[in-house]
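These notes concern the structure reproduced below.
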Amino acid sequence: MPPMTRIPLIGVSTSITVGTAPERAYVNSTYLHAIQQAGGAPVPLPPQLSPLALDVIARELHGVLLTGGGDIDPARFGEAPHSTLYDVAPSRDALETAAVRMALDRRLPVLAICRGIQILNVALGGTLHQDLGTDPGTELRHSQEAPRDQPSHKVTVLPGSRLATVLGADEVEVNSMHHQAVKALGQGLIPVAWAPDQIIEGVELDDPERFVLAVQWHPEELVSHFDAARRLFSALVDAARA
């Protein structure tokens, strides 16, 4: 029999219930399906993991996916909380910050989605717009009323960037389910995609040898009918396999 193709293990950050009992860790199944469809095996990374447990699991991982969810504690970037802040979970902030540092130290490929782009940016010293309606203020709706698997606005991608190469396009239709976004960029990150109101929708590490991509939209909800969305997960799994 031919040798079995190696299946990369992709660490997937999870959400955590806030203010309800019993406490639970959870993740939308669309992330898990998207990774498996691309040929990877998802490994949940719940906020309840101790630093030792994360370290043990991380030794076996080939890549990391940072998922969407609630807001990040603005104390992590030196600001007071905005009145619209919701679902802040310090344990999740800590787990994902540690996962970012672990992945970068081990040169693991990283794909960060929605909240993921925000925690990646903050972990590298960046800041966030805490509420796009008031900071900086925009008329573009970033929290769509349409179903999650439908696009609501376009994103322009920097030609020649890794993100453009992965997507196979310099412009894509995306869904939008966020009220925060990247403000000041974290160390080593460069902006590579923008909404029509110039809000940053994609960043990547300024190193052509490293696969670290982050997008503000939710490609996991679009993989069934958009090739560009499938290509993001395939690129993560391919980089992890390599």
Side-chain angles (χ1 to χ4, degrees), residues 8-19 23-28 31-32 34-35 40-79 81 85-128 130 178 180-190 203-207 209-216 220 232-233 236-237 239-240:
L9 301 179
I10 308 297
V12 180
S13 66
T14 81
S15 296
I16 184 172
T17 51
V18 176
E23 181 182 274
R24 290 184 172 93
Y26 64 96
V27 63
N28 290 355
Y31 295 106
L32 310 180
I35 286 185
V43 178
L45 302 176
Q48 293 90 343
L49 288 177
S50 68
L52 176 59
L54 176 62
D55 182 65
V56 170
I57 294 171
R59 295 174 197 172
E60 306 300 323
L61 296 179
H62 305 108
V64 171
L65 174 67
L66 300 172
T67 63
D71 292 337
I72 296 159
D73 186 350
R76 286 189 171 266
F77 49 94
E79 293 186 9
L85 207 68
Y86 75 98
D87 281 356
V88 174
S91 61
R92 182 176 185 185
D93 294 345
L95 182 284
E96 289 182 330
T97 298
V100 167
R101 292 170 179 161
M102 172 275 297
L104 294 179
D105 287 346
R106 294 190 54 214
R107 302 182 68 85
L108 297 180
V110 175
L111 175 61
I113 292 173
C114 197
R115 172 194 159 93
I117 188 176
Q118 297 166 16
I119 195 68
L120 173 68
N121 190 59
V122 170
L124 293 177
T127 66
L128 302 178
Q130 289 197 53
H178 63 105
Q180 301 195 325
V182 170
K183 190 175 182 179
L185 286 159
Q187 185 175 4
L189 296 177
I190 56 173
V203 302
E204 59 189 52
L205 199 64
D206 189 16
D207 182 347
E209 302 301 317
R210 307 283 296 277
F211 185 98
V212 179
L213 289 183
V215 298
Q216 186 58 71
E220 78 284 358
L232 273 169
F233 291 95
L236 171 64
V237 172

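Basis for what follows: all heavy atoms, side chains included, without hydrogens, waters or symmetry-related copies.
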Who are the side chain to side chain contact (heavy atoms under 4.5 Å, CB included) partners of [X], not counting sequence neighbours?
X	value
Ala94	Arg76
Glu209	Arg107, Asp207
Leu104	Val100, Leu124, Leu205, Arg210, Val212
Ala239	Pro109, Phe211

Taken in chain and number order and not counting sequence neighbours, the residues that satisfy side-chain hydrogen bond (donor to acceptor under 3.5 Å, both in side chains) with Gln118 are Gln216
Residue set satisfying side-chain hydrogen bond (donor to acceptor under 3.5 Å, both in side chains) with Gln187, at least two apart, ordered chain then number -> none
For His62, the ring-ring contact (aromatic ring centres under 6.0 Å, His included) test, sequence neighbours excluded, returns none
The salt bridge (charged side-chain N to carboxylate O under 4.0 Å, His left out) partners of Glu96 (sequence neighbours excluded) come to Arg92, Arg115
Sorted by chain and residue number, the salt bridge (charged side-chain N to carboxylate O under 4.0 Å, His left out) partners of Asp55 (sequence neighbours excluded) come out as Arg59
I'd like to know if the side chain of Tyr31 and the backbone of Ser13 have a donor-acceptor N/O pair within less than 3.5 Å. no
Please list every donor-acceptor pair under 3.5 Å in which a side-chain atom of residues 42-53 meets a protein atom from a residue at least two apart or in another chain.
residue: Gln48; atom: NE2; partner: Glu23; partner atom: OE2; Å: 3.2
residue: Ser50; atom: OG; partner: Ala53; partner atom: N; Å: 3.0

Between Tyr26 and Thr14, is there a side-chain heavy-atom distance shorter than 4.5 Å?
no
